[in-house]
Chemist: 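Have a look at this one before I ask anything.
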Amino acid sequence: MAVFQALIEPLHYGFMQRSLVVALLVGLVCAIVGSYLLVQRMALLGDAISHSVMPGLAIAFILNINIFVGAFVAGILSTLLIAWIRVRSPLKEDAAMGIVFSSFFALGITLITRIQKQNKIDLNHFLFGNILSVTPRDVIDTAIIVAIVVGVVLLLYKELLFYTFDPLGAQAAGLPVNLLNFGLMVLIALATVASMKVVGVILVLALLIIPGATAYLLVRRLYQVMALGSVIAITASISGMYLSYFYDLPSGPAIVLVTAAAFTLALLFSPRYGVWVKSQNTALPALLQEIRQLLR
Amino acid sequence: MNYSHEFAQSLPHLAATGRNTCADLPPLQVVGLTVDYGKATALRDIHLTLQPGRLSGVFGPNGAGKSTLVKAMLGLVSATGSVVWGDRPLAEQLDRVAYVPQRNQVDWLYPATVWDVVMMGRVRKTGLFRRFSATSRQVARAALARVGIDHLRDRPIGELSGGQQQRVFLARALAQEADFFCFDEPFVGVDQKTQAVLFDVFQELTQSGKLVLLVNHDLGESITHFDDLILLNTELVASGPRSWVLTQNNLYRAYGGQVSFFREAA
């Protein structure tokens with residue numbers, strides 16, 4: 001009963017209700033979209049897009065428009081630039097991403113630092129999130145983004161499955177692969193934008209990748225990865241929020257650390273890939289064996 | 001083992017339409033196809049004709065542009081020249097094409113089952129925003145049975161052998177119910193049984209009047225399965241019926257010095 005009371009207590013505060021709802025929604029949307037990054041081996045792209053939204057945020061503040069819109073435009077612009085550099089120069093995609101996202105990030109930090117004072121905003125809130133400042137308006141915006149992303153994934157599931165598994169085969173079958181690819185970029189940008197208040201741009205990558213990666217160790221079909229990843233992410237969001245409330249931890253990092261713990265458990269105990277399960281030995285020899293293999 | 005009987009039974013609409021309509025498929029014309037990668041030319045001015053009902057193989061040394069030829073024909077790499085099938089460009093008729101890339105071009109650790117991959121063959125026919133129909137599932141089941149892996153249906157693709165993976169791809173191609181089939185190096189790293197299944201299916205497809213094009217690398221004795229050959233070395237060396245293409249002179253122009261093991265096959 002005391003535990004129950006303790007769990008109910010934070011819900012008396014409006015800001016806590018709002019932040020829990022937003023954390024939950026963001027966990028869901030990031031796990032779904034991140035699964036596509038995971039299976040395409042493009043984790044870095046999530047990092048690139050999330051860093052690239054910064055100048056969009058700043059410009060939105062300057063022009064006094066919705067920051068979600070500004071961030072979204074900047075995120076899309078960065079993916080187009082990455083693609084353009086890759087096509088127009090002998091550079092590979094990873095180099096193109098590194099160039100674009102660090103430049104956008106630098107521009108964003110510069111702009112936000114300049115306008116910080118007169119707009120009463122704090123650079124740190126963009127970098128690391130500030131979930132307790134979530135407004136009712138933010139809750140609605142986030143819910144809209146989640147609805148769009150989930151809707152698109154449901155409608156295009158079979159096409160995106162084909163495209164992300166075998167892009168050439170999908171193109172040869174006449175699927176609109178460029179459109180699908182651009183659609184994926186839009187989804188990633190949307191998920192990133194939705195996550196800013198919860199974890200900030202630096203830790204978005206964790207929410208995109210870790211829940212899906214954890215699920216990937218446990219289940220074997222894409223929709224299962226998405227579903228289990230969502231459950232893991234939502235659990236982590238809620239427990240992270242409570243941890244941050246009771247132990248006075250920063251909430252974004254607390255959520256990420258819970259997902260990391262879940263991943264560690266899956267890595268050790270997954271029936272298929274589990275380090276612990278595979279070795280059949282007691283813990284210590286198993287650990288020594290792993291270390292020996294790493295050093296070999 | 002022969003699955004063709006079951007296959008036809010379980011697929012009444014295929015059995016009914018297959019032979020009749022496909023006999024009328026037009027040949028496919030490649031005219032002046034050229035592919036440049038930066039400054040290097042991968043393919044230069046290729047002219048050839050693919051005949052329906054004949055198993056055609058693209059042969060040539062490493063780097064001859066074999067895979068590039070198929071990709072350029074399908075518009076997967078940018079090329080100049082034209083590829084016409086019937087009265088329209090092939091690129092406008094991709095819904096009638098089944099293309100199977102090299103097995104190592106996809107990530108087999110992708111979280112998908114055999115069934116998921118075979119159903120990809122039905123995505124285009126199903127259309128955007130729609131769910132797979134009962135017919136589609138029926139076609140996919142028949143395709144799995146045809147290549148002898150219906151028992152692996154729910155297996156994750158990462159747990160399959162190379163031969164089984166290739167048969168998954170073959171089943172996906174069959175599920176597409178295409179008229180033009182392209183396979184890029186389907187025999188690499190597969191077992192004897194899979195090779196037999198592949199040639200069986202190719203023979204069935206050609207007998208029902210389809211266009212079937214394989215890129216092949218390793219020749220050996222299997223070359224006798226092919227009706228037509230396309231001998232390539234950046235430029236077209238020769239194309240046409242096997243016995244006509246496999247001359248000492250052509251092989252020398254394609255492969256240079258390393259021709260001796262082809263001679264018997266000719």
Side-chain angles (χ1 to χ4, degrees), chain A residues 31-32 34-42 87-91 151-180 183 211-229 270-273, chain B residues 38-39 67 70-71 73-78 90-103 105-117 119-132 136 154-159 168-169 172-173 175-176 178 180-182 184:
Chain A
I32 292 173
S35 300
Y36 285 119
L37 286 177
L38 185 80
V39 297
Q40 289 188 287
R41 307 189 166 190
M42 300 209 317
V87 173
R88 284 290 154 201
S89 78
L91 291 170
V152 169
V153 169
L154 281 177
L155 283 175
L156 295 179
Y157 181 80
K158 64 184 191 311
E159 283 80 10
L160 288 173
L161 181 76
F162 194 174
Y163 170 69
T164 54
F165 171 64
D166 179 7
L168 274 182
Q171 192 182 353
L175 293 188
V177 286
N178 290 327
L179 212 62
L180 289 174
T214 308
Y216 178 75
L217 295 178
L218 300 168
V219 294
R220 352 183 116 185
R221 299 176 79 175
L222 182 64
Y223 74 85
Q224 294 169 337
V225 170
M226 290 175 170
L228 183 59
S270 148
R272 247 190 317 163
Y273 304 107
Chain B
K39 280 176 187 164
S67 298
V70 176
K71 287 179 189 166
M73 284 168 63
L74 299 174
L76 304 180
V77 297
S78 58
L90 179 64
E92 292 173 11
Q93 308 174 62
L94 289 177
D95 54 325
R96 300 168 66 196
V97 177
Y99 166 72
V100 171
Q102 284 178 34
R103 196 158 49 82
Q105 279 202 355
V106 303
D107 173 18
W108 290 93
L109 291 175
Y110 192 101
T113 60
V114 168
W115 181 251
D116 289 333
V117 176
M119 285 309 277
M120 288 174 193
R122 303 300 301 172
V123 167
R124 176 65 200 266
K125 280 222 160 50
T126 302
L128 282 173
F129 313 139
R130 291 153 166 267
R131 294 170 146 263
F132 292 122
S136 282
D154 297 321
R155 196 70 74 78
I157 53 173
E159 293 177 10
V168 172
F169 265 172
R172 184 180 84 183
Q176 285 182 262
F180 175 28
F181 290 81
C182 306
D184 199 345

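Quick note on labels: first sequence line is chain A, next is B, and so on, each numbered from 1.
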Chemist: Is it the backbone or the side chain of A/Phe162 that comes under 4.5 Å from a heavy atom of chain B, or both, or neither?
Modeler: both

Chemist: Any side-chain heavy atom of B/Tyr110 within less than 4.5 Å of one from A/Asp166?
Modeler: no

Chemist: Please examine the side chains of A/Leu168 and B/Lys71, heavy atoms only from C-beta on, and report whether any two atoms are closer than 4.5 Å.
Modeler: yes

Chemist: Looking at B/Val100, B/Val97, B/Asp107, which one has more heavy-atom pairs under 4.5 Å with chain A than the rest?
Modeler: B/Asp107

Chemist: Chain A: which of B/Ala91, B/Ala112, B/Ala98, B/Gly75 shares the most heavy-atom pairs with it under 4.5 Å?
Modeler: B/Ala112

Chemist: Which heavy-atom pair separates A/Ala172 from B/Tyr99 by the least distance, and what is that distance?
Modeler: CB-CB, 3.4 Å

Chemist: Examine whether an atom of B/Leu74 lies under 4.5 Å from a heavy atom of chain A, and if so say whether it belongs to the side chain, the backbone or both; otherwise answer neither.
Modeler: side chain

Chemist: How close do B/Phe129 and A/Leu156 get, heavy atom to heavy atom, and via which atoms?
Modeler: CE2-CD2, 3.8 Å

Chemist: Which atoms of B/Gln105 come close to chain A, meaning under 4.5 Å heavy atom to heavy atom: side chain ones, backbone ones, both, or neither?
Modeler: side chain

Chemist: Do A/Leu222 and B/Asp116 come close enough that some side-chain heavy atom pair is under 4.5 Å?
Modeler: no

Chemist: Nearest 0.5 Å please: distance from the CG atom of B/Asp154 over to the CZ atom of A/Arg221.
Modeler: 7.0 Å

Chemist: Output the option from B/Arg130, B/Met119, B/Gln176 having the highest count of non-hydrogen pairs under 4.5 Å with chain A.
Modeler: B/Arg130

Chemist: Could you check which of A/Leu154, A/Leu161, A/Val177 has the highest count of heavy-atom pairs closer than 4.5 Å to chain B?
Modeler: A/Leu161

Chemist: Less than 4.5 Å to any heavy atom of chain A: does that hold for the side chain of B/Val117, its backbone, both, or neither?
Modeler: side chain

Chemist: Using a cut-off of under 4.5 Å on heavy-atom pairs, state which of B/Thr113, B/Ile157, B/Asp95 scores highest against chain A.
Modeler: B/Thr113

Chemist: Heavy-atom distances under 4.5 Å only: say whether B/Glu92 touches chain A with side chain, backbone, both or neither.
Modeler: neither

Chemist: Counting distance only, does the side-chain N/O of A/Lys158 pair as donor-acceptor with the main-chain N or O of B/Leu128 below 3.5 Å?
Modeler: no

Chemist: Please look at B/Arg172 and chain A and tell me whether the side chain, the backbone, both or neither of the residue comes under 4.5 angstrom of a heavy atom of that chain.
Modeler: side chain

Chemist: If I measure from the heavy atoms of chain B, does A/Thr164 come under 4.5 Å with its side chain, its backbone, both, or neither?
Modeler: both

Chemist: Which pair of heavy atoms, one from A/Val39 and one from B/Pro111, lies closest together, and at what distance?
Modeler: CG1-CD, 3.4 Å

Chemist: Just by distance, do the side chain of B/Arg124 and the backbone of A/Ala173 share a donor-acceptor pair under 3.5 Å?
Modeler: yes

